[in-house]
Each structure stands twice: as C-alpha cells, then as structure tokens.
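It should be emphasised that the depicted structure is a prediction, and the values quoted were computed from it without experimental measurement.
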Amino acid sequence: MPPADLQPSFHVCIIGGGVVGLAGGILLRQQGFKVTVLERDLTLHTVRIQLHPNAVRVLKEIGVFEKMMSKSIIPVSIILKAYNTGQVLHQQFLEGPAKKYNNCPLLTLHRADLRQVLYDEAITQGVTIRHGIKIDASGVDLKGGTLTTDTSEIISADLFIGADGGESVIRTGLLGYKPKAIPHGKIVHRILIQEADIIARPHLKYLVEEPNIIVWLGPECEAVTYGLDGVFNIAFTWPYSTDPKDIFFGAQPVDLDEFRANLTDWEPDLREILSLGKDCLRWEFFEPITDDDHVPWVDDTGKFCIVGDAAHRGLPYLGQGAAAGIESVSTLAQLLGKATNQDQVRESLGIYQRLRKERTGHVIRATLKTGEIWQMADGPLKDERDRCFLQETPTVGYPNPLADPFFQEWLWGFDATKTANEAWEAYQIARFQK
C-alpha cells in the first residue's frame, strides 16, 4: 500500500483494456491507487497467445493463476523440425523449467479468455472500466495533464498510463508525432484446423496426441503449431514486401490454395494438415520499436507514461510480446507503490523507464536474432545450425535461445518485484549519498 502521505485518492487512468492494461489495473489497485481503465473496443478478440514463465509469475502474484490455468493448455515440449524432411532437430521439455521458475509453466490460451479473467479480477479489486472510450493524439494534453475523448469529454487523472498498443495515441502525444510503420518483410498466415480431422488420419494423429509446440524451420520462414480447445493452430511466417506502398493493417483473407502451392518442398505431413484448412487470414509484421535515451516513455511532469507495445512493440519469434508488457506494468506498479509524494512519482517513472528500456531492448534484439537463426536459408550456415541442434548440449549461443540455460534464466527467471525493490533501494542510497 502507498504510504499515508501520498493521497489515497491518487488517480491512475490506464488507456487500453487489453492484457497489459487490465493486469496493470489490478497491480495498481493492489498498491492502493484509484484506477480507471479506458477501452475503445466493445468486444474481446479471440487471438491465441503463448504466456511464458516470466509473465505467468506476475499473473500468479496478482491472484488469477488458477482461473487462468483452467482455460489454458500446458505444452509438454517445444519441438523444432526440419521443414523439408520433418526430422526432429531439437526437443525442449518444459516441465523442468516450469518447476525451476516458481512453478510457472509456459501456457497457451485464448487472449479473450485471459482478458476475461483479468477483467473479472479487476472489477473485483475495484478498478473502474469504461468501454467505447475513444481518444486520438489531438486529445492528449501534456501541459494540462488531461485527455479529451471523441465526444469532447475531458478526463483528468494524477497519472495517465498508455497501454494502448503499437498505434498508441499516448506515445504519439509524448513524441509529438506518429511513429512511422516500417515493414519487417514478413507476414504471418493463420490457419485453424479441427483436431478431429487430424486424428481421423492415423498417420497424423501423433501431432496432436500430446500438447506440444511444434515449429518447422524453413528458409526465410517458419511454421509454429499447437493445439487449443480442439483446434490445431498454424502460424506460418512468410516473406513479404518491404515496400511501404504494400503495407496493410489488420487481417486480410488469403487464397489458401495459392499459398499451399508454394509449399511443395515442405514435409508431406505438414502439407497434408494444411490441406484440411478451409480458410486463412494474414497479418503484416512491422519492425520492432527499440528506443534510446532521447525517446521519452515518460513526460517531464510525471503525468503520462507508456507500457507494453506502446513502448516496446516486438516480434513473435520468442513469444515475448505479452510477457514483456506484463513485466513492464508490474515493474511500474511496484515502483509507483513506493512513492510518497509527487516528486517520487516522477522519480519512480524515471527508474521504470531506465529499467524497462534496457531489458526490453535486449529481448527485442534476441527476438530478431532468433528469427534469423530459425529462418536460415538452405546452405552451410543452416547445416551448421542443424548440427548444433542434433549434436551439442545447450549452452551459451545454442541456436534455440529458450534452451540456452543462461539466456533462459535471464528471460524466464525475471522477477519484477525483486527488480523494482532493488532499483528503488539503489536509488535511495544514491540519493542520500549526494
């Protein structure tokens, strides 16, 4: 709880009611703050996501672990396969890491299910949630410390937190311009197959008999698959134009027959599974955001800040999008909870910005490197990668960073509460030594 000399009525307004915004609302209520969440959408989306142990730790701490588990699948392992032969290059079993990292397993679940669990807990904790609230960048008044909605309502708060995604209006307000979307040169095709249709073909049912994340590593592409609620999910990363004229936003339908025609060199079992699909949608990937010291995540007055994709949008190759955002908002909440006055609120925000820029920058760079390694073109470098998979024990530099024991501990063993406590203590020591 915040100390008594920071007003208990200190009002935090979170823009964005996604996973990060709702988790932040709960965490800040647990620190004793008054919290309002503003969400522009009226409905929840049904995208499927992975949650890694570093995110699950936070959700366990805020009290939604059991409810979340009831809606999740716990994969047994991550299996990496050669795209053309189907040879298993590496199998990483996940039970051991789950036990090591505070009994926090890697999970797959529907984003909408997670949001609903967080929504219910936020309401229970006393968070005010308002739907259908739309704000554009022109409504962000840094000097006045207010927001204006599209209906001309003026919203006041002691602190605004932008958890409003990669198209964040709060980020645009902080920077004074809208960041330009830069094509990454890849798109993702998403195809959903009924597991019953796979099981009906005995030679394919091995793919769904136990829950695994299976990844086919292809040249400049990869296919990530896993089961959830009787549906086999395929996320197929594929090369795409880097020309800004070809940019598209949101989902687009794909001619599945035309896409399948590009896969004649791929393992027959994967191609057969794809033949069971009836439709396909695609999304474009954009270059991640890694900010240096000159790009603010916090305004000078300590009234605005950004978290999650609004601050550090990444790519999915390490499955850290949701996890990084949950880490960030947890770190932020822990630091704000230590503030005893408005000056310390500003100082807390500065510590948050420093800590999270450093860590998320490392995560984003590791994610890009993983994409490069897992999507190597055919040739001697790919052959050496496969030899490492097949013959070497995971250690520093192993081509699956999630199995690299040093990187894994750094990534999955992150403790936001411990990090915030240590950073605050170091700040206090430095302050008194001046």
Side-chain angles (χ1 to χ4, degrees), residues 1-39 54-65 102 117-130 145 155-163 170 297-299 301-308 310-311 323-356 359 414-428:
M1 297 285 288
D5 50 356
L6 183 67
Q7 292 182 349
S9 60
F10 190 97
H11 183 202
V12 180
C13 182
I14 300 174
I15 299 84
V19 168
V20 173
L22 291 171
I26 298 167
L27 288 158
L28 287 161
R29 276 297 300 147
Q30 290 177 341
Q31 294 294 332
F33 294 104
K34 177 183 176 182
V35 182
T36 300
V37 174
L38 308 179
E39 170 56 41
N54 46 320
V56 175
R57 176 195 288 266
V58 176
L59 298 177
K60 179 179 281 191
E61 290 175 352
I62 66 178
V64 299
F65 179 71
N102 201 36
V117 167
L118 292 170
Y119 179 89
D120 293 343
E121 182 64 22
I123 294 296
T124 299
Q125 295 274 355
V127 176
T128 299
I129 301 176
R130 298 180 59 190
I155 298 175
S156 299
D158 297 295
L159 174 64
F160 292 98
I161 299 176
I170 305 301
W297 289 5
V298 177
D299 77 313
T301 65
K303 295 275 287 186
F304 291 84
C305 71
I306 50 177
V307 297
I326 292 169
E327 281 186 2
S328 286
V329 80
S330 178
T331 304
L332 176 60
Q334 298 296 333
L335 288 166
L336 287 171
K338 300 177 186 305
T340 61
N341 53 54
Q342 187 63 47
D343 285 341
Q344 288 192 353
V345 168
R346 286 195 294 273
E347 290 156 357
S348 296
L349 293 173
I351 296 169
Y352 153 77
Q353 178 175 246
R354 174 177 57 81
L355 291 175
R356 295 309 298 169
R359 179 168 168 85
F414 180 79
D415 185 332
T417 300
K418 181 173 181 286
T419 299
N421 288 342
E422 291 175 350
W424 185 260
E425 182 179 353
Y427 156 74
Q428 294 285 17

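In this structure, the side chains of Glu39 and Tyr119 stay at 4.5 Å or more apart for every pair of heavy atoms. Side-chain contact between Asn102 and Val56: absent, with no pair of heavy atoms (C-beta onward) separated by less than 4.5 Å. Looking at heavy atoms from C-beta onward, Tyr427 lies in side-chain contact with Glu347 at the 4.5 angstrom threshold. Here the side chains of Phe414 and Arg359 are in contact, with some heavy-atom distance below 4.5 Å. Looking only at side-chain heavy atoms (C-beta outward), Arg130 and Ile155 come within less than 4.5 Å of each other. Using a 4.5 Å heavy-atom threshold, the side chains of Thr417 and Asn421 count as touching. By the 4.5 Å heavy-atom criterion applied to side chains, Val19 and Ile326 are counted as neighbours. Taking 4.5 Å as the limit, every side-chain heavy atom of Val35 sits out of range of all side-chain heavy atoms of Ile26.
For Phe65, there are no ring pair (Phe, Tyr, Trp, His ring centres under 6.0 Å) partners two or more places apart in sequence or in a different chain. Every residue two or more places apart in sequence or in another chain that forms a ring pair (Phe, Tyr, Trp, His ring centres under 6.0 Å) with Phe160 is listed here: Phe304.
Closest non-hydrogen pair, Gly16 versus Val37, comes out as O-CG1, 3.7 Å. Of all heavy-atom pairs spanning Leu27 and Ser330, the tightest one is CD1-CA, 3.6 Å. When all heavy atoms of Ala423 and Ile351 are compared, the pair lying nearest together is CB-CG2, 3.8 Å. Shortest non-hydrogen contact noted between Ala310 and Gly162 is CB-O, 3.6 Å. The minimum heavy-atom distance between Gln30 and Gln125, with the atom names listed, is NE2-NE2, 3.5 Å. Nearest heavy-atom pair across Ala416 and Thr331 is CB-OG1, 3.6 Å.
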* To do: Carefully, step by step, assess Leu118 and Leu59 under the rule side-chain contact (heavy atoms from CB on, under 4.5 Å).
  => CA-CA 9 Å; Leu118 292 170; Leu59 298 177; 4.0 Å; yes

* To do: Start with the C-alpha distance between Val64 and Asp120, add both sets of side-chain angles, then the distance that settles side-chain contact (heavy atoms from CB on, under 4.5 Å), and finish with yes or no.
  => CA-CA 10 Å; Val64 299; Asp120 293 343; over 6 Å; no

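No donor-acceptor pair closer than 3.5 Å links the side chain of Thr36 to the backbone N or O of Cys13. In this structure, the side chain of Gln344 engages the main chain of Thr340 through a donor-acceptor pair within 3.5 Å. For the pair Arg29 (side chain) and Phe33 (backbone), a donor-acceptor distance under 3.5 Å is present. The closest donor-acceptor contact from the side chain of Lys338 to the backbone of Val345 lies at 3.5 Å or more, if one exists at all. In this structure, Ser328 contributes its side chain and Ala324 its backbone to a donor-acceptor pair below 3.5 Å.
Annotation: Lys60, atom NZ; neighbour count of heavy atoms from other residues, nucleotides and ligands within 6.0 Å is above 12. Under a cut-off of 6.0 angstrom, the local environment of CD in Glu425 is sparse, with at most 12 non-hydrogen atoms contributed by other residues, nucleotides or ligands.
Note that the CD1 atom of Ile123 and the OG1 atom of Thr128 stand 7.5 Å from one another [nearest 0.5 Å]. Here Ile306 contributes atom CD1 and Tyr352 contributes atom OH; the two are 7.0 Å apart, rounded to the nearest 0.5 Å. Atom CG of Leu28 is separated from atom CD1 of Ile62 by 10.5 Å, given to the nearest 0.5 angstrom. Taken to the nearest 0.5 Å, the CG atom of Leu22 stands 8.0 Å off from the CD1 atom of Ile14.
Between Asp158 and Lys303 there is no salt bridge, since no side-chain nitrogen of the basic residue lies less than 4.0 Å from a carboxylate oxygen of the acidic one. Ion pairing between Arg356 and Glu327 holds under the 4.0 Å rule for side-chain N and carboxylate O.
Exactly one residue among Asp299, Leu332, Leu335, Ile161 makes a side-chain contact (heavy atoms from CB on, under 4.5 Å) with Leu349. That residue is Leu332.
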